[in-house]
Amino acid sequence: MNGLQELLCLTPFRILVRIAMVGKYTGLSDSYLSVLKALLHASVYCHRKLVVDWVASTDLEDSTKIEAPDAYKAAWNLLKSADGILVPGGFGDRGVQGKILAAKYARENNVPYLGICLGMQMAVVEFARHVMNLPHANSTEFDPNAKTPCVIFMPEGSKTHMGGTMRLGSRRTFFKVADCKSAKLYGNADYVDERHRHRYEVNPDMVPEFENAGLKFVGKDESDRRMEIIEIPNHQYFIGAQFHPEFKSRPAKPSPLFVGLIAASSGQLDKVLQGCSNGHVIPGKHQFSNGPYTPAAHQNTNGHAKKLANVGC
Ligand SMILES: NC(=O)CC[C@H](N)C(=O)O
């Protein structure tokens with residue numbers, strides 16, 4: 001029995017927390033194994049029984065309404081009955097419109113939202129289109145000639161990362177706003193080191209425009225040009241991270257941004273944030289400074305993800 005299973009068998013949580021996971025590979029839960037485990041770690045921390053509702057992002061799109069109305073209705077029912085919404089990372093344009101619609105639904109209805117990597121980028125595109133009234137806003141990953149390129153290709157000139165164009169591995173994020181939810185969740189740290197895996201980023205030239213409209217970039221890299229964490233302050237929990245917080249989550253050291261999502265989705269965010277400001281930090285605060293990369297921690301174990309996601313004692 002591993003540590004996580006032991007913990008679960010000792011903890012008879014009865015109150016459910018439903019998270020809608022809006023992604024592309026919903027038939028292949030192993031693709032999201034580390035995200036599922038991070039959700040589970042955070043749910044145990046918050047004493048909730050996790051239920052993950054898989055929502056195929058394509059099913060939320062208008063074209064599905066015509067082609068497969070039942071699937072469209074089922075997807076929207078799942079999304080609307082969730083306590084919180086998570087849009088994980090991804091590549092390629094299939095299902096991107098559905099992810100934008102999920103972010104829009106969460107933003108407009110004050111439903112807790114965590115967007116990871118592509119999930120953050122699509123929340124930024126959504127905000128530009130519907131709050132800032134920029135209908136042509138897009139990522140140049142999906143439209144290289146976008147009239148309003150709010151997410152752009154930003155290769156990294158690193159001496160230690162020659163060759164590939166992907167920004168990969170541990171990078172430092174500095175908190176720019178002390179009084180934001182993510183800084184508090186990370187124990188009021190000045191900076192955090194988290195793992196990256198992406199090529200595109202928020203267009204830094206558009207940041208002042210976004211901030212004027214109410215989208216805050218509360219975490220940035222050392223150059224101030226790479227946007228790492230977004231928040232909408234007047235929303236109960238709307239956070240996007242350019243990095244992948246799931247990779248450093250562990251059973252006894254849940255990822256703070258996942259704890260925030262589950263806490264907000266189960267009515268416990270104020271309590272958790274208050275605890276953070278009283279000096280009580282989410283276990284394993286030390287992990288947020290530089291930690292070695294442990295690939296074994298996010299290896300896939302065939303067919304285990306769904307079982308873990310729905311497990312309860
Ligand atoms: N890991 C991801 O979600 C990647 C997001 C996006 N496709 C990029 O390359 O930037």
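Counting starts at 1 for both ligands and their atoms, in listed order. Hydrogens, waters and symmetry mates play no part in the numbers below; they use all other heavy atoms, side chains included.
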Between [X] and ligand 1, is there a nitrogen or oxygen pair with a distance under 3.5 Å?
X    : result
G90  : yes
E141 : yes
G89  : no
Y200 : yes

For this session: Examine the proximity of ligand 1 to Q121 and report which part, side chain or backbone, both or neither, has a heavy atom under 4.0 Å away.
Result: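 Under 4.0 Å from ligand 1, Q121 contributes side-chain atoms alone.
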
For [atom], what is the nearest protein heavy atom, given as residue, atom name and distance?
atom                   : result
atom 1 (N) of ligand 1 : R197 O, 2.8 Å
atom 9 (O) of ligand 1 : R199 N, 3.0 Å
atom 2 (C) of ligand 1 : C117 SG, 3.0 Å

Pairwise side-chain contact, [X] with [Y], heavy-atom cut-off 4.5 Å (strictly under):
X    : Y    : result
L79  : V22  : yes
Y191 : R172 : yes
R167 : R199 : no

Exercise. Which of the numbered atoms in ligand 1 are below 4.0 angstrom from a heavy atom of L118?
Worked result: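 Taking each heavy atom of L118 in turn, ligand 1 has 3 (O), 5 (C) under 4.0 Å.
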
Problem set entry | Numbered atoms of ligand 1 (with element) below 4.0 Å of H244, judged on heavy atoms |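 Here the atoms of ligand 1 in question are 1 (N).
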
For this session: Mind listing the closest non-hydrogen atom pair of M120 and V202 along with its distance?
Result: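 For M120 versus V202, the nearest heavy atoms are CE-CG2, 3.7 Å.
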
Exercise. Got a second to check how far Q268's CD is from Q274's CD, nearest 0.5 Å?
Worked result: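 One finds 13.0 Å between CD of Q268 and CD of Q274.
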
